[in-house]
There are 2 protein chains.
Amino acid sequence: MSGTIPISTTENALESRTLARRTFDSIKSDIIDGELAQGTKIVESDLALKYGISRGPLREAIHRLEQIKLIVRIPHAGSRVVTLDTRMMQDIYEAREALEGMAARLAARLMPDDEIASLSTLLDQHEAAISETEGKAYFQREGDIDFHYRIAVASQNQWILDNLNGELYQLIRMCRRQSGQIPSRAQTALSQHRQIAAAIAQRDEELAELLMRRHISGAWKIVRKILEDQHDSN
Amino acid sequence: MSGTIPISTTENALESRTLARRTFDSIKSDIIDGELAQGTKIVESDLALKYGISRGPLREAIHRLEQIKLIVRIPHAGSRVVTLDTRMMQDIYEAREALEGMAARLAARLMPDDEIASLSTLLDQHEAAISETEGKAYFQREGDIDFHYRIAVASQNQWILDNLNGELYQLIRMCRRQSGQIPSRAQTALSQHRQIAAAIAQRDEELAELLMRRHISGAWKIVRKILEDQHDSN
DNA sequence: GAAAGCATTATTGTTGACAATAATCTATTT
DNA sequence: AAATAGATTATTGTCAACAATAATGCTTTC
């Protein structure tokens with residue numbers, strides 16, 4: 001297949017102009033990818049050295065990471081990489097359910113016809129990718145986020161888009177990473193996505209919201225189950 | 001009446017230890033109260049002088065204000081106090097509807113019985129305050145936020161609580177300030193609050209969420225109407 | 001007279017040094 | 001030996017100077 005699936009939904013591909021911004025991006029990736037392990041103590045001077053900058057911009061980066069909850073900070077006492085516990089993950093999934101449910105409702109109201117068509121095409125690509133890669137793998141996850149991202153955009157609600165994109169999706173990525181390989185949910189997810197897209201195409205706001213909420217709370221139930229099993233084995 | 005109504009729901013009354021934090025609080029108040037008008041150009045050196053600190057902590061304060069969307073900033077180009085337009089307000093109310101709807105649902109599931117009783121007492125106090133002050137005035141507004149705040153706490157969802165408290169409620173205050181005196185909605189709001197409290201007491205999650213969402217979308221419709229009228233007269 | 005390019009200036013981005021705070025360790029006393 | 005008080009050290013908070021960037025206004029040319 002020549003037409004590759006758009007994998008990354010990361011916001012501004014245009015290289016960040018400012019040092020603090022670039023460092024923010026770097027550290028963010030390092031945390032999400034697990035290179036900076038959860039709970040790691042953050043020492044400003046050490047990190048500044050590591051990233052080859054002075055403490056000023058590094059501090060700005062840390063503050064921003066604190067805002068998106070990737071770092072927790074206590075005045076004068078220092079900061080650590082967040083530790084995702086079950087409680088926090090549940091909070092995130094609940095918030096996501098509320099926000100994306102609303103986004104789906106708004107998308108059903110506002111999404112232009114051509115974008116709906118394009119959404120359908122995206123799902124076709126996902127289906128093709130599933131049979132190719134046998135359902136598992138990295139692509140499913142990013143493909144999933146792609147779908148959700150498009151709906152968030154279609155909601156035309158900047159606040160919701162910003163919070164999903166800038167904060168919740170990052171944390172969701174970490175959740176998934178932590179819960180390891182999720183059993184092949186790709187087929188289930190795809191058919192749910194199709195249902196949601198259909199509801200949007202029919203301009204059925206109520207149904208679109210309902211289906212999206214079910215889809216997300218279903219995902220949470222599976223993640224929670226995995227976490228419980230992990231916990232039992234310890 | 002000796003027992004005063006708890007008016008302020010502002011988070012940490014304990015004086016902020018760090019200069020950046022205190023300055024953040026100061027500027028935040030100044031923006032919400034309108035002393036720093038919307039759209040005002042922010043010049044770091046000027047503000048640092050005004051608040052009697054150096055640019056370091058001031059910068060940190062500005063970055064935090066940017067995160068809660070009270071300030072918009074363009075790299076190298078400077079920053080301005082946010083200008084609330086109708087579009088942004090709608091975004092905020094929609095997000096609030098989704099989040100507080102979910103909070104009401106969770107509160108119906110999780111709120112302890114004694115807190116539910118206390119919620120009812122709060123509404124009694126509000127009723128008393130309404131007849132005293134003839135329905136209008138400052139107290140209604142803060143009383144309203146008090147009610148919503150309690151439900152957000154009862155949701156036991158830290159993410160939702162943080163976002164409502166740290167960001168959305170501030171913006172809502174600005175919206176209200178901008179739309180001027182709202183016609184005596186106190187009675188309507190109170191009876192809606194009572195209905196929501198009743199649904200929570202009955203542990204009816206579905207109804208609690210539904211009523212909360214109606215309550216908030218109703219509030220938005222009124223605010224929007226006022227804004228449209230203002231716009232027409234220009 | 002208008003537009004384009006250069007120089008100037010105002011403002012933000014970055015740095016390293018200094019001050020203040022809190023955690024840690026040691027010594028002394030009970 | 002345990003606990004407390006003090007000193008020490010590591011780390012964050014604050015500052016003022018310097019560099020880089022973009023906006024502004026002037027001059028020059030067509």
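Bear in mind the structure is a predicted one, so any value in this text is a computation, not a measurement. Convention: sequence-line order gives letters A, B, ...; per-chain numbering from 1.
Between the side chains of A:Trp159 and B:Glu167, a donor-acceptor pair is found at a separation under 3.5 Å.
Using a 4.0 Å cut-off, no side-chain N or O of A:Arg22 falls inside it from OP1 or OP2 of C:dG13. A:Arg59 has no side-chain polar atom (N or O) that falls below the 4.0 Å cut-off from OP1 or OP2 of C:dG16. Note on A:Thr18: a side-chain N or O is less than 4.0 Å away from OP1 or OP2 of C:dT14.
The side chain of B:Arg55 lies closest to D:dA17, out of D:dT14, C:dG16, D:dA17. The side chain of B:Val43 approaches C:dT11 more closely than any other nucleotide in the set C:dT11, C:dG13, D:dT11.
Contacts of A:Ile42 with the nucleic acid, taken as non-hydrogen atoms under 4.0 Å apart, involve only primed sugar atoms and P, OP1 or OP2. Contact annotation for B:Pro57: backbone-only contact, meaning every heavy-atom pair under 4.0 Å involves sugar-phosphate atoms and none involves a base. Here B:Leu47 lies out of heavy-atom contact (under 4.0 Å) with every strand.
When the P atom of C:dA20 is taken as reference, atom CD1 of B:Ile53 falls 16 Å away, rounded to whole Å. We find that CG of A:Leu49 is positioned 11 Å from P of C:dG16, with the value rounded to whole Å. Rounded to whole Å, atom P of D:dT11 lies 13 Å from atom CD1 of A:Ile62. Distance A:Phe24 CZ to C:dG13 P: 16 Å, rounded to the nearest Å. In this structure, the CD atom of B:Glu44 is 18 Å from the P atom of D:dC18, given to the nearest Å. Atoms CG (B:Asp46) and C1' (C:dT11) sit 10 Å apart, rounded to a whole Å. Whole-Å rounding puts the B:His63 NE2 to C:dG13 C1' distance at 9 Å. Distance, B:Lys41 NZ to C:dT11 C1': 7 Å, rounded to whole Å.
In this structure the side chain of B:Leu84 reaches within 4.5 angstrom of the side chain of B:Gln38, judged on heavy atoms. Side-chain contact check for B:Leu106 versus B:Arg109: some heavy-atom pair is nearer than 4.5 Å. The closest side-chain heavy-atom distance from A:Gln90 to B:Gln156 is not below 4.5 Å.
Ring geometry, B:His215 versus B:His193: the interplanar angle exceeds 60°, so the pair is classed perpendicular (tilted spans 30 to 60°).
Put simply, the side chain of B:Arg21 and the base of D:dG13 share no donor and acceptor less than 3.5 Å apart.
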